[in-house]
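Every chain is numbered from 1, with letters handed out A, B, ... down the list of sequences.
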Amino acid sequence: MMATVAARELRDGEVVFVGIGLPNLACNLARATHAPRLLLIYESGAVGAEPERLPVSIGDPSLVTGSLMVCGMADVFQFLLQNGRIEVGFLGGAQIDRYGNINTTVVGSYDAPTVRLPGSGGAAEIAIHARRTVVISRLSRRAFPDSVDFLTSPGHRMRGRTRADLGMPGAGPVRVVTDKGILEPDPETGELVLAALYPSTTVDEVRAGVGWPLRCRETLREVEPPGDEDLRLLRDVLDPHGLYLRS
Amino acid sequence: MMATVAARELRDGEVVFVGIGLPNLACNLARATHAPRLLLIYESGAVGAEPERLPVSIGDPSLVTGSLMVCGMADVFQFLLQNGRIEVGFLGGAQIDRYGNINTTVVGSYDAPTVRLPGSGGAAEIAIHARRTVVISRLSRRAFPDSVDFLTSPGHRMRGRTRADLGMPGAGPVRVVTDKGILEPDPETGELVLAALYPSTTVDEVRAGVGWPLRCRETLREVEPPGDEDLRLLRDVLDPHGLYLRS
Amino acid sequence: MRDAVAALVRDGDTVVIEGFTHLICFAAGHEIIRQRRRDLTLCRLTPDLIYDQMIAAGCARKLVFSWAGNPGAGSLHAFRRAVEKRDPPLELEEYSHFGMVARLCAGAARLPFWTLRDYMGTDLPTANPRIRSVTCPYTGEALATVPALNPDVTVVHAQRADAQGNTQIWGLLGVQKEAALASRRVIVVVEELVDQSVIRADPNRTIIPGLAVDAVVVEPWGAHPSYAQGYYDRDNDFYVGWEPISRDSAALKGYLDEFVHGVRDRSEYVERCGGLDRLRAASRVCAGVNYGY
Amino acid sequence: MRDAVAALVRDGDTVVIEGFTHLICFAAGHEIIRQRRRDLTLCRLTPDLIYDQMIAAGCARKLVFSWAGNPGAGSLHAFRRAVEKRDPPLELEEYSHFGMVARLCAGAARLPFWTLRDYMGTDLPTANPRIRSVTCPYTGEALATVPALNPDVTVVHAQRADAQGNTQIWGLLGVQKEAALASRRVIVVVEELVDQSVIRADPNRTIIPGLAVDAVVVEPWGAHPSYAQGYYDRDNDFYVGWEPISRDSAALKGYLDEFVHGVRDRSEYVERCGGLDRLRAASRVCAGVNYGY
């Protein structure tokens with residue numbers, strides 16, 4: 001479901017900075033359905049990849065063979081990402097807060113963390129430079145605290161300061177795709193509010209998975225469930241071994 | 001003669017930043033004689049070139065075919081020259097002054113020049129970064145003024161300041177090869193003094209071609225004339241059409 | 001080419017036609033002259049014959065450069081007349097090669113400046129106040145800076161590209177990648193338009209991604225009298241022959257009338273040159289590499 | 001490999017073994033473990049399994065990195081134990097990928113810092129005070145900086161090189177070129193040693209010039225369980241299988257005893273793995289290009 005919803009965020013012909021896992025699935029689903037001309041860029045340096053197998057890592061050899069261009073990472077970050085060429089970036093994380101800030105660094109304090117997470121990787125600069133980002137994460141109070149333990153990737157409001165205050169080129173997270181509904185930033189405050197619900201889920205179920213008093217849009221959209229074709233592609237073609245798909 | 005003398009400045013295995021014309025001849029003569037392992041780097045991006053013909057320009061295709069590496073110019077200037085990998089750089093110019101400063105920009109004032117010269121090209125950074133440079137130029141009062149009209153490539157003393165004062169990595173011009181003798185910087189003052197004379201030339205002849213009261217080393221070396229083999233190589237093999245060799 | 005220039009090159013633009021000796025797109029320069037573009041700010045490390053012609057043709061208001069000579073053959077006399085005799089007047093902004101390269105790196109990285117260790121002791125920063133300095137936040141030392149160069153339009157000549165502009169170049173690479181990615185609009189001119197499968201078969205050869213390219217023009221011999229590795233050699237006789245032509249403004253005007261204004265397009269130019277087969281490249285094809293896994 | 005590591009890697013060194021997923025030189029990491037090097041400052045964008053093993057083996061005093069996970073398979077538990085339980089203690093210096101790339105660019109350019117538009121609003125500069133800022137001398141805006149990284153020794157794995165170390169890589173290039181040129185000493189490890197004529201036949205493929213290389217080591221399968229495009233595939237099962245091993249320090253010690261300390265060299269390691277032919281690459285050879293003129 002999340003992969004399908006994320007796929008719908010992509011328009012044909014867009015340039016997407018792809019992470020591994022669900023985002024990768026979403027991009028390949030979009031390419032297989034409504035966005036055949038989607039251009040996939042991986043931070044590893046593969047541009048216009050057309051992997052013949054589902055890549056397990058963002059540096060998989062299948063991303064290179066048959067791609068349009070392979071360049072060094074200095075070019076990827078300076079001449080493509082910082083250059084402003086990336087239209088959509090996908091992000092995920094252990095913690096996403098009220099303003100769409102993401103933590104992939106530590107749970108607890110930086111110097112004595114209870115859980116040490118991998119760190120930023122390219123996430124900080126993707127969050128800053130991609131023209132817009134889409135965040136994917138399953139709802140839970142642990143995953144959606146009121147504020148993150150460590151701010152790895154900026155959202156819409158960082159200690160009271162906006163992206164504009166801080167001179168960030170990109171628009172930040174325009175959608176947060178969860179397993180129950182879709183959150184979107186309030187245009188005024190940048191606070192994440194509930195914008196759409198999946199079929200047969202309730203506002204209370206979503207609120208139960210969020211660590212702040214979640215507000216709702218006046219009118220909540222209902223999210224279309226995945227079509228049979230989407231499900232067939234995901235289960236039989238794109239992730240036959242269920243590498244990323246659980247439900 | 002100048003090509004032969006310049007060639008002798010090169011030790012086998014050294015990394016040389018080659019300019020076109022006489023320097024190019026000198027390098028190829030050195031490779032054909034005492035320095036077969038000389039590594040030639042051209043600012044155009046060709047590394048380890050082994051041209052099968054005498055290149056007319058530093059971007060000649062013969063410098064690419066069969067070379068060890070071709071890289072972009074950002075890599076040449078940042079990762080090779082500024083990185084400190086260049087051991088010897090050759091320079092020439094319309095004006096060379098008392099302290100080995102070179103002018104390849106204008107004769108007269110910058111805003112209303114009587115003669116507009118090509119400009120720096122890579123000379124300014126070669127003069128600054130090459131571990132040492134060798135300057136080649138024919139003697140004349142016009143070519144060797146007391147001080148240059150425009151300082152394009154720094155020598156040993158720029159308005160009273162030394163290379164050390166200005167934090168220049170390279171040692172600057174250690175030899176100025178002319179058509180009558182060799183000038184070298186005074187270790188104390190950096191002023192160019194006569195260090196060696198070609199056979200059957202006199203100190204006065206050299207002084208006549210220099211725009212400042214030229215001092216001499218206590219003991220003047222006599223420069224060995226080119227051997228027959230050198231002359232054969234230059235005339236029959238390296239520059240058969242006399243592209244660069246006049247006398 | 002006519003349509004690409006008409007659509008993408010405008011009076012007053014900052015224009016880069018790059019290529020260091022290799023792949024200099026004379027075809028684009030000639031079309032810009034034919035379409036009588038005016039008040040252009042022309043930027044190149046080495047103005048070369050192409051900008052000498054464009055200056056003579058009255059296209060240029062300003063020149064941004066680092067070495068203005070005729071490599072191995074003499075001077076660019078239209079350039080010199082403009083500077084020495086103000087005929088016509090030409091504004092100059094001058095750097096060294098490293099400075100120009102650094103300006104394009106900053107442009108491609110979309111940073112306002114680039115840092116380099118250069119220019120100490122020289123008169124260049126006096127002649128060009130846009131060469132400044134910055135203090136290192138770690139060592140406290142002063143380093144030189146140059147401002148980003150972000151052209152309105154960049155023309156890159158290449159051996160081959162696909163219809164979307166995914167462009168492959170081998171041999172000297174110059175600063176084409178940086179110039180293209182620094183530019184608002186990009187025209188790629190190729191010796192050969194190839195199927196995308198050719199590009200995808202060897203992705204490490206791709207220098208410019210199609211996502212940065214606005215137009216792809218197929219123009220064989222488009223770089224003459226410069227060269228295209230693997231396609232044709234540099235026409236050194238032409239470079240040597242340029243010296244007397246460019247020395248004499250009447251002769252130069254005559255050249256432009258005959259070889260630029262006097263031809264409709266590149267194929268007519270090649271005819272007018274009496275064909276260029278004498279320059280066709282010998283075959284030195286390298287082996288391929290394995291992209292399998 | 002034994003001699004190269006003995007001669008060029010010293011206790012207390014700052015060591016970079018680069019390669020982004022592709023061409024990670026496990027052979028060098030294992031030899032460093034076998035030679036019981038200590039107090040190393042290990043730098044990599046992605047510590048990956050190789051640094052997890054070196055941390056577990058007690059080689060590391062400090063880790064400089066930007067993403068410490070097991071790609072697509074879980075955590076690096078030796079790294080996590082060191083950070084979460086100080087077992088053993090490990091000093092951290094943390095950046096983002098762009099920050100690490102920029103540090104190596106500065107190192108290769110021999111500048112003290114590099115400028116990037118990054119980190120605003122994040123907690124990274126608080127966690128790492130070496131992330132600073134500089135004011136643009138043209139626009140007055142503040143931009144982020146990172147300090148140059150100049151390793152004592154860098155190990156680069158490549159598909160092929162000649163005896164002088166002129167090194168050709170295709171497929172993902174990561175930051176190998178920058179790391180090698182930033183380093184005081186460089187070890188190149190190759191799948192194949194080739195005659196210099198092979199390098200000269202396709203000079204645009206050369207990523208690292210021999211003038212920067214101190215030792216060339218021939219070590220087929222030297223990047224396993226990572227991969228070498230055109231030679232062998234990534235051993236994803238090994239990466240998945242690492243999760244339980246690395247979770248349990250006894251199992252991890254057992255792994256090191258058997259596959260690192262328990263073998264004399266790489267060929268014994270390959271035997272110990274029961275051969276790796278299942279990973280051998282299929283053939284997808286591209287066409288060559290013409291370097292003639």
Side-chain angles (χ1 to χ4, degrees), chain B residues 20-21 43-46 55-61 63-66 70-78 81-82 101 103-106 110-125 127-129 148 150-155 157-159 161 163 165-169 243, chain C residues 19-22 45-46 65-73 75-76 79-80 82-84 86 92 94-102 104-105 116-124 126-127 141-142 170-178 207 226-230 233-234 236 239-240 281 284:
Chain B
I20 217 59
E43 68 187 9
S44 55
V56 178
S57 112
I58 55 172
D60 195 89
L63 299 174
V64 166
T65 313
V70 175
C71 61
M73 292 180 78
D75 287 0
V76 172
F77 284 103
Q78 297 189 105
L81 182 58
Q82 187 171 258
N101 299 308
N103 171 18
T104 54
T105 303
V106 288
Y110 184 78
D111 294 323
T114 53
V115 181
R116 173 64 223 203
L117 304 165
S120 164
E125 38 267 2
I128 287 167
H129 287 284
V148 288
F150 187 98
L151 204 164
T152 312
S153 307
R157 194 168 280 272
M158 289 61 63
R159 295 196 193 62
R161 304 178 68 191
R163 297 180 66 90
D165 296 340
L166 294 164
M168 293 187 203
L243 227 43
Chain C
F20 192 85
T21 317
H22 185 213
L45 276 66
T46 59
F65 73 107
S66 47
W67 193 83
N70 178 349
S75 293
L76 303 175
F79 159 77
R80 285 187 56 183
V83 179
E84 296 168 6
R86 310 227 178 292
L92 296 188
E94 182 166 7
Y95 299 85
S96 64
H97 279 348
F98 192 5
M100 284 295 286
V101 168
L104 289 166
C105 288
L116 59 166
R117 196 184 299 278
D118 207 352
Y119 302 124
M120 56 282 249
T122 76
D123 287 339
L124 283 157
T126 317
E141 70 195 294
W170 58 95
L172 299 179
L173 304 176
V175 289
Q176 277 94 317
K177 174 180 66 181
E178 293 80 2
I207 301 298
S226 89
Y227 71 100
Q229 196 93 35
D233 195 358
R234 187 166 186 266
N236 290 319
Y239 275 83
V240 172
R284 284 281 292 266

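- Only the side chain of B/Met158 comes within less than 4.5 Å of a heavy atom of chain C; its backbone N, CA, C and O stay farther away.
- In this structure, C/Thr122 and B/Ser153 have side chains that are not in contact, with every pair of non-hydrogen atoms separated by 4.5 Å or more.
- In this structure, C/Arg117 and B/Pro169 have side chains that are in contact, with non-hydrogen atoms separated by less than 4.5 Å.
- Chain C forms the most heavy-atom pairs under 4.5 Å with one residue out of B/Ser44, B/Ala127, B/Gly121, B/Pro55, and that residue is B/Gly121.
- Using a 4.5 Å heavy-atom cutoff, the side chains of C/Phe98 and B/Gln82 are in contact.
- C/Asp118 touches chain B through backbone and side chain together, each having a heavy atom under 4.5 Å away.
- Rounding to the nearest 0.5 angstrom, the gap separating the OG1 atom in B/Thr105 from the CG atom in C/Asp123 is 8.0 Å.
- Side-chain atoms of B/Thr65 and C/Gln229, non-hydrogen and from C-beta on, do get closer than 4.5 Å to each other.
- Taking both residues in full, the closest heavy atoms of B/Ser120 and C/Trp67 are given as C-CD1, 4.2 Å, listed atom of the first, atom of the second, then distance.
- Heavy atoms closer than 4.5 Å to chain B are found nowhere in C/Leu104, neither backbone nor side chain.
- With contacts defined as side-chain heavy-atom distances shorter than 4.5 Å, the pair C/Val83/B/Pro113 qualifies.
- Here the closest heavy-atom approach between residue B/Arg116 and residue C/Glu84 is recorded as N-OE2, 2.7 Å.
- C/Asp233 and B/Pro61 get closest at one heavy-atom pair: OD1-CG, 3.3 Å.
- Taking C/Gly174, C/Ala102, C/Gly69, C/Gly171 one by one and counting their heavy-atom pairs under 4.5 Å with chain B, the maximum is reached by C/Gly174.
- Side-chain contact between C/Leu173 and B/Cys71 is absent, with no heavy atoms from C-beta onward closer than 4.5 Å.
- Listed options B/Pro118, B/Gly119, B/Ala112 were ranked by heavy-atom pairs under 4.5 angstrom with chain C; first place goes to B/Pro118.
- Among the candidates B/Ala46, B/Ser57, B/Pro154, the residue making the largest number of heavy-atom pairs closer than 4.5 Å to chain C is B/Ser57.
- Residues meeting the ring-ring contact (aromatic ring centres under 6.0 Å, His included) test with C/His97, sequence neighbours left out: C/Phe20.
- Scanning all heavy atoms of the two residues, the minimum distance from B/Asp111 to C/Arg86 falls at O-NH2, 3.0 Å.
- There is no contact between B/Arg163 and chain C, counting heavy-atom distances below 4.5 Å.
- Looking at C/Leu172 and B/Val70, their side chains come closer than 4.5 Å, going by heavy atoms from C-beta outward.
- B/Tyr110 and C/Glu94 share a side-chain donor-acceptor pair at under 3.5 Å.
- Taking the ring-ring contact (aromatic ring centres under 6.0 Å, His included) definition, one finds that C/Phe79 meets it with C/Phe65, sequence neighbours left out.
- Interface remark: B/Leu166 contributes backbone and side-chain atoms alike to the contact with chain C (heavy atom separation under 4.5 Å).
- Across C/Arg234, C/Lys177, C/Arg80, C/Met120, the residue that shares the most heavy-atom pairs under 4.5 angstrom with chain B is C/Met120.
- Closest approach of C/Leu124 to B/Ala124, counting heavy atoms only: CD1-CB, 4.2 Å.
- With a 4.5 Å cut-off on non-hydrogen atoms, B/Val115 touches chain C through its backbone and its side chain both.
- For B/Thr114, the part lying under 4.5 angstrom from a heavy atom of chain C is the backbone only.
- The shortest distance between side-chain heavy atoms of C/Asn236 and B/Asp60 falls below 4.5 Å.
- Between C/Cys105 and B/Gln78, the closest heavy-atom pair is SG-NE2, 4.4 Å.
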